[in-house]
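What follows is one structure encoded as structure tokens, with my remarks underneath.
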Amino acid sequence: MYYNNHTVIFLDGEMVKAGESVTDLYSQTMHYGYGVFEGIRAYKTKKGTNVFKAEEHYQRLKRSCELVNIPFDYTVTELVEATYHLLEANNLSDAYVRPLVFCNPNMSLMRPNKVSLMICAWEWGAYLGDKQLRLAISSFCRPHPRSIQIEAKVCGHYVNSILATTEAKDNGYDEALLLDSDGHLAEGPGANLFFENDGMLFTPKLGNILPGITRATVLELAEKMGIEVLQGLYTPEDLWEADSAFYCGTAAEIIGIESVDEIKFRKDWNDSLGKRLQEAYAKLVREKVTTLSTY
Ligand code: PMP
């Protein structure tokens, strides 16, 4: 599903066959989840492939490495270029791109001396589908920001996400909604939350969530569209009283939420602010804005 005999990946500066690339089983990433990654989407546009917010994603990859002491010896520009080359080499335009920085063999609990970087890409539809979601508040909370680097996209953090999504799906829901360790609304296992009330949008403030690049895009679009957004600490009760809600993330894009713990939102999705933002986002990602000749 992810690759075939022809697929190439970018590995430490070279394009190599996906099926022939190997990793060392003694890596800290394998044993401790000590690695960082990104999730990026590329879109086919009239002016060619657009790797949406590529610089922002590689900046976050760099920042994630810095936050958890993983060496990062690349420039954002070279990785953006590598991504365009990778997509071209695999004849992909509408694609999901996954960079991963993983550690060399080392069983200690100390920062690594050497790491590798791989970038792969594959065709991937909207991660959470296109139907409005039935969510359940998870029994798992997001990790406490003093126990991990919450703003870093670290491999091991995703065990929390996997537990939450699996629990929600096993109970017949589409996806989970996680609270922070104080019981405030936090985010989805792989997406940020917004909700609408009385013509305004609300979203959990930074501190207990991953600062999503799509979340930032939604904030920019809302400003342009004259929609007021408040960022704060909110409770599940605030959400149950809301008119509508949505998740946003690179993989999920913008997707409406139908209900949370069986409580349905009163506003029809088609009349919601989320729907307007969903349309604006779909348009934005297919507009190629960069003028750099190398892309
Ligand atoms: N929260 C979590 C936990 C995530 O994994 C993601 C996906 N990266 C997001 C939010 C959304 O982030 P972005 O919009 O940058 O994809």
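All values reported here derive from a predicted model rather than from experimental measurement. Just so you know, ligand 1 is whichever comes first in the structure, and atom 1 is the first atom listed for that ligand.
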Give the residue, atom name and distance (to 0.1 Å) of the protein heavy atom nearest [atom].
{"atom": "atom 5 (O) of ligand 1", "result": "Tyr158 OH, 2.5 Å"}
{"atom": "atom 14 (O) of ligand 1", "result": "Thr214 OG1, 2.5 Å"}
{"atom": "atom 11 (C) of ligand 1", "result": "Asn192 OD1, 3.6 Å"}
{"atom": "atom 7 (C) of ligand 1", "result": "Gly190 O, 3.4 Å"}
{"atom": "atom 2 (C) of ligand 1", "result": "Glu187 OE1, 3.6 Å"}

Atoms of ligand 1, numbered as shown, that sit under 4.0 Å from any heavy atom of Thr250
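Here the atoms of ligand 1 in question are 13 (P), 14 (O), 15 (O), 16 (O).
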
Would you mind listing which atoms of ligand 1 come within a distance below 4.0 Å of any non-hydrogen atom of Gly212?
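By the 4.0 Å cutoff, the relevant atoms are 12 (O), 13 (P), 14 (O), 15 (O).
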
Side chains of Thr7 and Lys17: closer than 4.5 Å at any heavy-atom pair?
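Side-chain contact under 4.5 Å: no.
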
Close side-chain approach of Ile40 and Tyr96, heavy atoms under 4.5 Å:
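Heavy-atom side-chain distance check fails, nothing below 4.5 Å.
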
When you check the gap from the basic side-chain N to the acidic O, do [X] and [Y] get nearer than 4.0 Å?
{"X": "Lys53", "Y": "Glu220", "result": "yes"}
{"X": "Arg134", "Y": "Glu262", "result": "yes"}
{"X": "Asp243", "Y": "Arg266", "result": "yes"}

Does any N/O atom on [X] come nearer than 3.5 Å to any N/O atom on ligand 1?
{"X": "His57", "answer": "no"}
{"X": "Ser161", "answer": "no"}
{"X": "Gly39", "answer": "no"}

Does Phe195 have its ring centroid less than 6.0 Å away from the ring centroid of Phe246?
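So the answer is no for these two rings.
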
Would Lys267 and Glu196 count as a salt bridge (Lys or Arg N to Asp or Glu O under 4.0 Å) if you check the C-alpha gap in whole Å, the side-chain angles of each, and the deciding distance to 0.1 Å?
CA-CA 9 Å; Lys267 207 172 206 180; Glu196 170 186 353; 2.6 Å; yes

Side-chain donor-acceptor contacts of residues 272-280 below 3.5 Å, not counting sequence neighbours, with atom names and distances?
from: Ser272; atom 1: OG; to: Trp269; atom 2: O; distance (Å): 2.7
from: Ser272; atom 1: OG; to: Gly274; atom 2: N; distance (Å): 3.4
from: Ser272; atom 1: OG; to: Lys275; atom 2: N; distance (Å): 3.1
from: Gln278; atom 1: OE1; to: Trp269; atom 2: NE1; distance (Å): 3.4
from: Gln278; atom 1: NE2; to: Ile254; atom 2: O; distance (Å): 2.9

Determine whether the side chain, the backbone, both or neither of [X] has a heavy atom under 4.0 Å from any heavy atom of ligand 1.
{"X": "Arg142", "answer": "side chain"}
{"X": "Ala251", "answer": "neither"}
{"X": "Ala191", "answer": "backbone"}
{"X": "Lys153", "answer": "side chain"}

Indicate whether any N or O donor in one side chain lies under 3.5 Å from an N or O acceptor in the other, for Tyr58 and Thr83.
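Side-chain D/A pair, Tyr58 to Thr83: present.
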
Given salt bridge (Lys or Arg N to Asp or Glu O under 4.0 Å), test Glu38 with Lys153 step by step and report yes or no.
CA-CA 7 Å; Glu38 264 306 317; Lys153 207 164 156 61; 5.9 Å; no

Heavy-atom gap Pro189 to ligand 1 smaller than 4.0 Å:
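Checking ligand 1 against Pro189, which is what was asked, there is a heavy-atom contact under 4.0 Å.
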
Under 4.0 Å, counting heavy atoms only: does Arg60 come that close to any atom of ligand 1?
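For ligand 1, residue contact (heavy atoms, under 4.0 Å) with Arg60 is present.
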
